[in-house]
Amino acid sequence: MQDMDIIGELSWRGLIHQSTDQEHLARWLDERPRTLYAGFDPTSESLHVGNLIPLLLLRRFQRAGHTPILLVGGATGMIGDPSGKSEERNLLAVETLEANVASVREQAQTFLDFDGSAAARVVNNHDWMRGYSYLEFLRAVGKNVPVNVMLAKDSVRSRLERDDGGLSYTEFSYMLLQAYDFVQLYDDYGCELQVGGSDQWGNITAGIDLGRRMRGVQLYGLTCPLLIKADGSKMGKTESGTLWLSAERTSPYAFYQYWINVEDADAGRCLRFLTELPREEIEALDQSRTDEPEKRNSQRKLAAELTQLVHGASGLAAAERATAIFFGAEIEDLSERELAEIFADVPSHELPRETLGGEGLPLVDALVSAGLAKSKGEARRTITQGGAYVNNRRLGEVDARLQASDLANESVMVLRSGKKRYALLRFVG
RNA sequence: GGGGGGUUUCCCGAGCGGUCAAAGGGGUCAGACUGUAAAUCUGAUGGCAAUGCCUUCACAGGUUCGAAUCCUGUACCCCCCA
């Protein structure tokens, strides 16, 4: 672990949104290795692109020699964080939550190093909240939290100003739980810094206040900006929903393709926020984007770095292989083996072989089965408008039927809708 | 407690007895252009065994040859007066 000016590093990347006295924080971090934490909500069974920045933040701190703690909010997840939310949340079922905690914990591990002097640690706040009684909590913690301060927080105030619904007592209490986490981690591990997204500032400062009141210590906080696109929308959302970090939910190929397609206007920020490339390299890519944008060097690098980070070398290789095949070679030239290799990386579906017999399989049905159209009507529309391809050959007849002769090889057919949405259909049996 | 307004297809929002699967915009999908970019332009956009059939205009009933449109009741939301 090399030592470096972590605050300076975060600063040129544009990753510092708010922090407790920045100069003091820089010096304090420089003095000796510190322990810090970031919290993650187990609201789903997989982390998503929105979690990448805080995850990477922990990783960056660890590389600079500090010890990261990744907190999974098994307890806070039972309540629901009102920050940044405009409506009261639905409570998750306890079993769902437990399963989510386990998989989030698992997933987060690929980002951090669990050996060495700055070995990372994963904790679950349910472990210490579970045994806490309501009365004990009110006496020990609640007593130290002024309601007028809580009411002044943006996250609370914006909800109180709405005349519909407001905020439940449960969600209002969320802040106390998160604040207490900070104190607990200070007690257990000497953790003195909390990092998170900009929407966490209120919760972080609540923790800092509580630390001062309960333990008389100075804690620190740092938030990073949210990753949004040039048009103001959230990064990591696709037509079909969220871009997940688990290969089961978003294939490495789809993940890779998302980044390849990032707009120029967003590429620079993505490189700074989401990769660990050195400054010179990122600036060279900025230059390349101005001088020779058609090379898409930024997008290629971004996709490669991130896919490698999230899905490992094999995931990246698979994504690149599928990309090279779809956006390069002639499908007809592909060997059985090559198609078999990419089969797993691309959205794919199986159909019984008989469907190709007789009259053949209507192209319309094939598009629906492959998931490229939501209904036959939509499939028909795509075909009529010239957007349907079989093995990269455009098929414009609405009533076209597919037969065994249309297979790209022994059993696979490559379907495409539009310019770049691919899906494979395998015929078995 | 009294009075008024609202609930429309993925979203916003027109429609106010037949010509309504329902204007317009957004989104989405496809085409052209291009750099697997943006912007722009064009077309499409409830489902299906499809010159027709079925489902949709908060929910349940009713009036009518015929209702998203009229009536009654129910639920939720907004506004005004107490």
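Letters A, B, ... are given to chains in the order of the sequence lines, protein chains preceding strands, and every chain is numbered from 1. The structure displayed is predicted, hence computed values, not measured ones.
- A 6.0 Å sphere centred on CD of A:Glu410 holds no more than 12 heavy atoms belonging to other residues, nucleotides or ligands.
- Using Watson-Crick or G-U wobble geometry with both donor-acceptor distances under 3.5 Å, B:G1 finds its partner in B:C81.
- The A:Thr382 side chain lies nearest to B:A30 when the options are B:U36, B:G31, B:A30.
- When each of A:Asp365 and A:Arg289 is assigned the nucleotide of RNA chain B with its nearest heavy atom, A:Arg289 is the one assigned upstream, toward the 5' end.
- Taking for each of A:Gln257 and A:Gly418 the nucleotide of RNA chain B with the nearest heavy atom, the 5'-most of the two is the partner of A:Gly418.
- The P atoms of B:G46 and B:C20 are separated by 15 Å, rounded to the nearest whole Å.
- Within the shown strands, B:G43 is the pairing partner of B:C29 under the Watson-Crick or G-U definition, both distances less than 3.5 Å.
- Counting only heavy atoms from C-beta on, A:Ser375 has its side chain closest to B:G47 among B:C29, B:C33, B:G47.
- When ring centroids are compared, A:Phe182 and A:Tyr37 come within the 6.0 Å threshold.
- For the residue pair A:Ser46/A:Arg249, the side-chain donor-acceptor check at 3.5 Å is not satisfied.
- Across every strand in view, B:U7 sits in a pair with B:A75 that passes the Watson-Crick or G-U test at under 3.5 angstrom.
- Nucleotides B:A82 and B:A60 are separated by 39 Å at their P atoms, to the nearest Å.
- Here, B:C71 and B:A67 have their P atoms 15 Å apart, quoted to the whole Å.
- Side-chain contact between A:Leu395 and A:Leu402: present, with at least one pair of heavy atoms (C-beta onward) separated by less than 4.5 Å.
- Residue contacts for A:Tyr256: at a heavy-atom cut-off of 4.0 Å it reaches no nucleic acid atom on any strand shown.
- Between the side chain of A:Gln385 and the base of B:G43, a donor-acceptor pair under 3.5 Å is found.
- Put simply, CZ on A:Arg300 is 12 Å from P on B:G35, counting in whole angstrom units.
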